Structure formats: C-alpha cells, structure tokens
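Notes for the one structure printed next.
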Amino acid sequence: MKSVTSKIKLFRPVLTLRCSYSSTDQTLLLNEFTRLCYQRDLPKAMKAMDSLQSHGLWADSATYSELIKCCLSHRAVHEGNLICRHLYFNGHQPMMFLVNVLINMYVKFNLLYDVHQLFDQMPQRNVISWTTMISAYSKCKLHQKALELLVLMLRDGVRPNVYTYSSVLRACNGLSDVRMLHCGIIKEGLESDVYVRSALIDVFAKLGEPGDALSVFDEMVTGDAIVWNSIIGGFAQNSRSDVALELFKRMKRAGFIAEQATLTSVLRACTGLALLELGMQAHVHIVKYDQDLILNNALVDMYCKCGSLDDARRVFNQMKERDVITWSTMISGLAQNGYSQEALKLFECMKSSATKPNYITIVGVLFACSHAGLLEDGWYYFRSMKKLYGINPGREHYGCMIDLLGKAGKLDDAVKLLNEMECEPDAVTWRTLLGACRVQGNMVLAEYAAKKVIALDPEDAGTYTVLSNIYANSQKWNSVEKIRTRMRDRGIKKEPGCSWIEVNKQIHAFIIGDESHPQIVEVRKKLNQLIHRLIGIGYVPETNFVLQDLEGEQMEDSLRHHSEKLALAFGLMTLPSEKVIRIRKNLRICGDCHVFCKLASKLENRSIVIRDPIRYHHFQDGKCSCGDYW
DNA sequence: TTAGGGTTAG
C-alpha cells in the first residue's frame with residue numbers, strides 16, 4: 001500500500017503576493033502544508049494554511065481537496081468555512097474543480113445558502129457543478145428547484161450525463177417528468193448504467209407504477225445488489241408484497257447476498273401481508289445486523305402489524321439505539337392493537353428520552369386516544385401539540401379527533417372541529433365523520449358527509465355501502481334501492497370481502513363468492529359445525545345481513561360465510577392447537593363476525609387475531625382487545 | 001480531480 005506521503009508532490013508556489021519571503025521559504029511552507037493535508041492532520045494543516053494566507057500564498061487544488069475531505073470526515077464546518085475564505089482571499093478565484101469540491105462540501109454540511117453563493121459566483125460551470133447542485137436539491141426534496149436547474153443547465157449548453165440523470169430522477173414529482181427523462185436517457189444511450197437503472201426503477205415504483213419498474217428491471221443484462229433492492233423495495237412499498245417476496249427468492253437464486261436494505265424491504269413485505277412466520281424466519285437472518293436501527297425499526301413494525309406484541313416489545317426493549325421512528329412505530333403499534341393506555345405511557349417515556357416527537361408520533365398518540373374513547377386525553381394532546389412540540393395539527397390529527405368526538409356521541413363538536421380545520425378536509429376526513437354518523441345513527445349528517453366524500457372520491461364503493469346501511473337501519477328501503485341503482489349506473493363495484501391466513505409459510509386467501517380454495521368444501525363443513533356449536537353457547541346468527549353489512553361485504557352473501565369466518569375455520573383445521581390464529585382482512589370486521597370470533601375464542605380456547613385496514617382485534621376467552629369499541 | 005442509485009413509523 002502506498003503511504004500518504006508518497007502522494008505529496010513538490011511544487012512551485014502558485015501565486016506570490018508578497019515578495020519578502022524567499023522562493024525557498026515559500027516552497028518549504030507549501031510543502032509542509034501539503035504534507036499535513038495528506039496526513040489529514042486538520043489542526044496543524046489549518047495553522048499552516050494561516051501562514052500561507054499571511055504570505056499571500058496558495059497551494060494547489062489537489063491539496064485543498066484533501067483538506068476538504070478531512071473536514072468532511074470530521075464534520076468540521078468552521079474549518080471548512082475558513083478554507084473557503086482562504087481560497088477566495090483578496091479576490092482570488094479558485095479553479096472550477098476546486099469550487100465544485102467546495103460546493104459539494106457545503107451540500108454535505110447542508111448549508112444551501114453557501115452552496116448557492118458559490119455556484120452563482122462561478123465564472124464557468126461544468127456538468128459536475130450543475131449535477132452537484134441538482135443532487136443537493138433532490139436530497140432536500142426541493143424537487144421543483146432540481147428540475148428547474150436541469151432546464152437551466154440544458155439552456156447553458158451543458159449535456160447531462162449518468163450522474164445528472166441518476167440525481168434528477170429522484171426529483172420527479174410526476175410520471176410525465178420520468179417519462180421525459182427516460183426518453184432522454186435512451187436517446188443518449190445511458191440506460192445500461194446501473195445507477196440510472198436503479199434510480200428509474202425506484203422512481204417508477206414510488207410513483208405507483210411497478211409495471212414500468214419491472215420492465216426496466218427485466219431489460220437489465222447485468223445488475224448489482226442495489227438494483228435488486230430497488231425493485232424489491234419498490235414492490236414492498238406498493239402493497240405488492242407477494243411480488244416483492246418472489247423477487248427476493250430470485251435475487252437469492254441469482255447469487256446476491258441480502259444485506260440490510262434488502263432485509264428491511266423483505267420485512268416490509270411480510271408486514272404488508274401480515275406473514276408472521278416468514279417475518280420470524282427473516283428475523284433469524286437479521287441477527288448479525290442486530291444493531292442496525294432501520295432494520296430493528298422494521299422488525300418492531302412487522303411484529304406490531306402481525307399482532308405479535310410480545311415480540312415487538314422484546315425487540316424494542318433490546319434496542320440500544322432508538323430514534324423517533326422507533327418510538328412512533330411502537331406507540332402506533334400498541335394503539336392499533338388495542339393497548340391505548342400502554343401507548344400513552346410509552347409516549348410519556350419518550351418525552352423523558354432525548355428523542356423529540358414529530359408529526360407522526362402525535363398521530364399515533366391521538367390514534368390511541370380515539371381507539372379507546374379517551375376524550376379528555378385526546379383534547380389535551382391535540383390542544384397542546386403546537387405549544388409543547390411546535391407541531392401544527394394536520395389532517396390526520398383532525399381526523400383522529402373527529403373520530404374520537406363523533407364516536408363519543410359529540411357529533412356537533414366533531415363538525416365544529418372539521419369546520420375549524422386549518423387545512424382543507426379531504427375525502428378521508430369526511431369519511432371519518434360518516435363513520436361516526438353510522439355509529440350514532442345520524443342520517444341527516446351522514447347524507448351530508450357522504451355527499452362530500454362522493455364529490456371528492458366518486459369511485460369509493462365503501463361510502464355508498466355505509467350510507468345504504470344507515471338507510472337500511474332506518475327501514476328506508478327506497479333510499480337503499482336508489483343507492484344501489486346509482487352504483488350500478490356509475491359502474492361502481494364493491495370490493496369483495498377477502499381474508500388471508502398464513503399456514504406453513506403459505507398464504508391462503510378466502511374471498512366471498514370464490515370457491516377456488518382446494519379445501520373449500522371441508523372448510524365450509526368445519527364452519528357449519530362451528531356455527532352449530534357456537535349456537536349452543538349463546539351465539540345468535542344475525543339474519544338481517546343488510547343491517548350488519550359494514551363497508552362492503554357483499555349483501556348477496558350470507559353472513560354465515562363471511563371471509564374471516566372461512567379463514568378462521570381453516571385455521572382451526574390446519575394450525576396446531578397452541579398456535580394463535582392470525583387473519584388479515586381487506587375490509588373492516590362486521591358486528592356479527594366480531595361476536596362470532598369472541599365466542600369461538602372461548603369455545604375453542606384459542607387466541608385469534610384479526611387485522612383489518614384500521615386496527616387489530618385480539619380475541620381471547622370470549623373477549624376482544626378493542627373492548628367492542630371500533 | 002470534483003458529481004449519481006436501494007432500507008424504517010401515520
């Protein structure tokens with residue numbers, strides 16, 4: 001290995017302003033400075049730089065570049081500023097290369113003002129100067145600025161290269177931007193670059209176009225682990241966990257080793273599908289990265305979303321380092337699983353730690369209040385969030401409060417709060433109010449809220465269903481029929497109820513009206529037997545299924561065979577008696593299934609966990625963790 | 001001799 005000093009070149013002084021020093025002395029000063037820079041001795045190099053400046057001397061650009069690298073590795077912002085001042089001392093203009101290095105230093109120090117000052121002052125700029133700027137804006141998520149710079153760069157006659165494209169792709173806000181850049185990339189023959197490819201895959205996936213991402217991926221001849229991570233992560237983020245897990249298998253077959261980023265996406269995929277067994281298997285492979293913060297955060301989330309709170313708590317407690325995401329994940333996880341009081345206690349612990357809560361943390365806290373009907377706590381946290389944490393209430397915070405107030409029977413207060421919102425209420429906000437109207441049976445307000453939702457999100461089948469159920473509850477059959485006609489006319493179809501259960505690391509799906517499961521006959525038989533046994537201990541099947549139809553289970557199908565009941569029967573048939581039965585649903589659980597599961601947990605002496613899109617129900621010994629409040 | 005891609009919470 002070459003020693004650092006071997007890099008040191010002897011050179012003549014670049015510029016001499018004062019001639020009181022002999023040429024030999026100047027050379028000695030410069031050589032000493034160069035030696036210290038290459039040895040990365042920052043304090044001594046800074047002193048030597050002072051001497052240079054007092055004698056009007058400048059070293060060569062490569063030496064300063066070394067010194068700046070040293071500042072970067074020590075995050076020495078003050079020293080970086082001194083170097084910059086020295087380089088521009090007395091109107092001296094550093095070489096373009098060196099200005100690029102300086103700009104990059106300020107980017108890494110996150111000092112955008114200085115970045116711009118230097119960039120604006122440059123007499124000439126090359127592709128690297130422009131790309132450094134574009135990358136800086138992309139990283140700060142100032143996407144529009146980054147795209148504007150690309151346009152200015154093109155106007156300046158500078159052609160983008162692979163570095164520019166891989167930076168600017170991250171700044172694309174819409175598909176049209178990506179497609180335009182993609183054309184440029186193909187035209188310039190740059191699509192084979194692995195950085196450009198992974199950036200393209202990533203941006204297509206993040207914009208919800210996994211098909212395009214896969215096309216770019218499949219065209220690849222040679223790739224690396226990061227391209228695999230981009231495509232796996234892309235599918236995991238787009239609720240296509242099944243594809244993500246399939247790609248992960250392909251990645252392993254192709255001989256690539258899964259590292260932190262891969263495993264984090266794999267965990268996210270398991271989280272999306274609530275695949276506890278597979279997630280636990282991934283956990284075993286993660287042990288060697290047990291200090292990795294992001295992976296641990298993903299693990300806590302996976303266990304929470306799979307309803308395995310003991311495991312989530314264990315990982316959380318063993319973590320040596322926790323950040324705001326760790327705390328927020330655990331707080332929301334506890335709240336979603338029905339442990340609201342514990343979630344609020346954890347928030348108090350967080351406050352005594354060094355980590356500051358953020359917007360999402362407070363969403364979790366208010367979520368905990370809303371799911372347990374903790375009205376006073378909710379108001380306290382909502383009213384104090386700005387004063388205590390400097391966080392302005394956003395849609396999600398208002399949404400939790402509207403849900404809390406509405407379900408507590410204070411619909412007037414909920415409407416008042418909705419009207420006071422600083423941001424415009426969206427379809428989700430109005431849907432929250434509609435949900436509260438359903439619980440309270442307030443038809444007039446429900447009609448108003450539904451109208452608002454439909455205006456903002458006309459394709460949402462759930463809204464029509466909730467409204468139709470509210471009418472049915474009041475025996476307004478004409479109105480029910482009108483809704484059905486309206487849906488038919490608009491071609492809106494309700495999403496069929498679907499439940500998934502993992503058995504031997506395989507996912508089994510049960511969909512209303514779908515007979516394709518190979519064991520469906522046995523499953524139905526088992527379910528009917530269970531229904532009869534439950535009737536024996538007091539279960540009264542709801543016959544008026546229209547009244548029970550909550551957000552979309554098909555009215556035409558009998559409640560008897562709602563998808564979660566089929567999945568439960570299958571779980572009882574196939575899983576060992578000590579195993580928890582974990583079911584994931586696409587729609588919210590209905591009242592009849594809720595009673596059914598409570599009784600089944602008692603009769604069969606089993607723990608049953610059902611995860612719906614909003615929250616999880618832990619059934620045990622005839623009770624549910626939600627306290628029948630959902 | 002400077003510039004580029006992938007991972008976590010609502």
Side-chain angles (χ1 to χ4, degrees), chain A residues 60-66 68-69 94-105 107-108 125-136 138-139 160-170 190 193-203 205-206 213 223-234 236-237 251 258-269 271 286 289 292-302 304-305 322-333 335-336 357-368 394-397 399-400 428 614:
Chain A
D60 71 332
S61 298
T63 303
Y64 288 115
S65 177
E66 282 301 312
I68 292 168
K69 276 185 207 161
M95 279 175 71
M96 192 200 297
F97 145 69
L98 199 49
V99 183
N100 287 343
V101 174
L102 277 173
I103 292 178
N104 182 48
M105 174 188 80
V107 170
K108 300 259 163 72
R125 303 170 186 110
N126 65 5
V127 62
I128 299 178
S129 331
W130 286 101
T131 303
T132 309
M133 292 299 290
I134 290 171
S135 163
S138 294
K139 278 178 192 154
N161 62 14
V162 285
Y163 288 86
T164 326
Y165 279 118
S166 52
S167 297
V168 79
L169 276 167
R170 283 178 17 162
L190 304 174
D193 183 85
V194 68
Y195 285 78
V196 171
R197 198 172 279 276
S198 62
L200 266 173
I201 291 169
D202 187 55
V203 72
K206 288 209 166 90
D224 62 9
I226 295 182
V227 185
W228 280 99
N229 292 345
S230 298
I231 192 74
I232 293 170
Q237 286 160 31
M251 178 187 180
E259 37 174 56
Q260 282 104 317
T262 330
L263 293 166
T264 306
S265 291
V266 168
L267 279 179
R268 185 174 172 148
T271 306
I286 288 164
Y289 299 119
D292 187 279
L293 178 64
I294 298 178
L295 252 176
N296 276 324
N297 286 347
L299 258 181
V300 172
D301 191 44
M302 185 273 291
C304 284
K305 296 238 166 72
R322 298 183 192 117
D323 65 1
V324 67
I325 298 184
T326 324
W327 290 96
S328 306
T329 308
M330 198 65 216
I331 290 168
S332 296
Q336 285 163 339
N358 67 10
Y359 187 99
I360 300 175
T361 322
I362 308 298
V363 173
V365 169
L366 292 177
F367 194 79
R395 278 200 192 95
E396 294 89 340
H397 304 109
C400 288
V428 179
I614 308 284

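Labels below follow one simple rule: chain letters A, B, ... track the order of the sequence lines, proteins then strands, and each chain is numbered from 1. Keep in mind that what you see is a predicted model, and the values were worked out from it rather than measured.
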(request) Measure distances between side-chain N and O atoms of A/N126 and base N and O atoms of B/dA3, and say whether any donor-acceptor pair falls under 3.5 Å. (result) no
(request) Provide, to the nearest angstrom, the distance between the CG atom belonging to A/L299 and the C1' atom belonging to B/dA9. (result) 14 Å
(message) Can you tell me which nucleotide in B/dT8, B/dG5, B/dG4 comes closest to the side chain of A/R170?
(response) B/dG5
(request) Compare the minimum distances between each of B/dT8, B/dG5, B/dG10 and the side chain of A/S166, then state the nucleotide with the smallest one. (result) B/dG5
(request) Taking only the side-chain heavy atoms of A/R268 (C-beta and beyond), determine which of B/dA9, B/dT1, B/dA3 contains the nearest atom. (result) B/dA9
(message) What is the separation between atom OH on A/Y289 and atom P on B/dT7, rounded to the nearest whole Å?
(response) 16 Å
(message) Taking donor-acceptor contacts at under 3.5 Å, does the side chain of A/D193 reach the base of B/dG5?
(response) no
(request) Could you tell me whether the side chain of A/F367 reaches within less than 4.5 Å of the side chain of A/I614, counting heavy atoms only? (result) yes
(request) Measure from the side-chain heavy atoms of A/F97 and tell me the nearest of B/dG4, B/dG10, B/dT2. (result) B/dT2
(message) For B/dG4, does the base pair up with any side-chain atom of A/N161 as donor and acceptor (N or O, under 3.5 Å, distance only)?
(response) no
(request) Among B/dA3, B/dG10, B/dT8, find the nucleotide with the atom closest to the side chain of A/Y359. (result) B/dG10
(request) Could you state the atom-to-atom distance from CE of A/M302 to P of B/dT8 in whole Å? (result) 15 Å
(request) Select one nucleotide: of B/dT8, B/dG4, B/dT7, the one nearest the side-chain heavy atoms of A/V196. (result) B/dG4
(request) Go through B/dG10, B/dT2, B/dT7 for me and flag the one nearest to the A/K305 side chain. (result) B/dG10
(request) Respond yes when some side-chain nitrogen or oxygen of A/K206 is under 4.0 Å from OP1 or OP2 of B/dT7, and no when none is. (result) yes
(message) On the nucleotide B/dT7, are OP1 or OP2 found under 4.0 Å from the side-chain N or O atoms that A/Q237 carries?
(response) yes
(request) Calculate the interatomic distance between A/Q260 atom CD and B/dT7 atom P; express it in whole Å. (result) 14 Å
(request) Round to a whole Å and report the spacing from CD1 of A/I103 to C1' of B/dT1. (result) 15 Å
(request) Starting from C1' on B/dA3, measure out to CE on A/M105 and report it in whole angstrom. (result) 16 Å
(message) Expressed as a whole number of angstroms, how long is the span from A/K69:NZ to B/dT1:P?
(response) 7 Å
(request) Measure from the side chain of A/S328, starting at C-beta and using heavy atoms only, and say which of B/dG10, B/dA3, B/dA9 lies closest. (result) B/dA9
(request) Return the value, rounded to whole Å, for the distance between atom CD1 of A/I325 and atom C1' of B/dA9. (result) 6 Å
(request) Compare the minimum distances between each of B/dA3, B/dA9, B/dT7 and the side chain of A/I294, then state the nucleotide with the smallest one. (result) B/dT7
(message) Can you confirm whether A/V99 sits close enough to A/I103 that some side-chain heavy atom of one is under 4.5 Å from a side-chain heavy atom of the other?
(response) yes
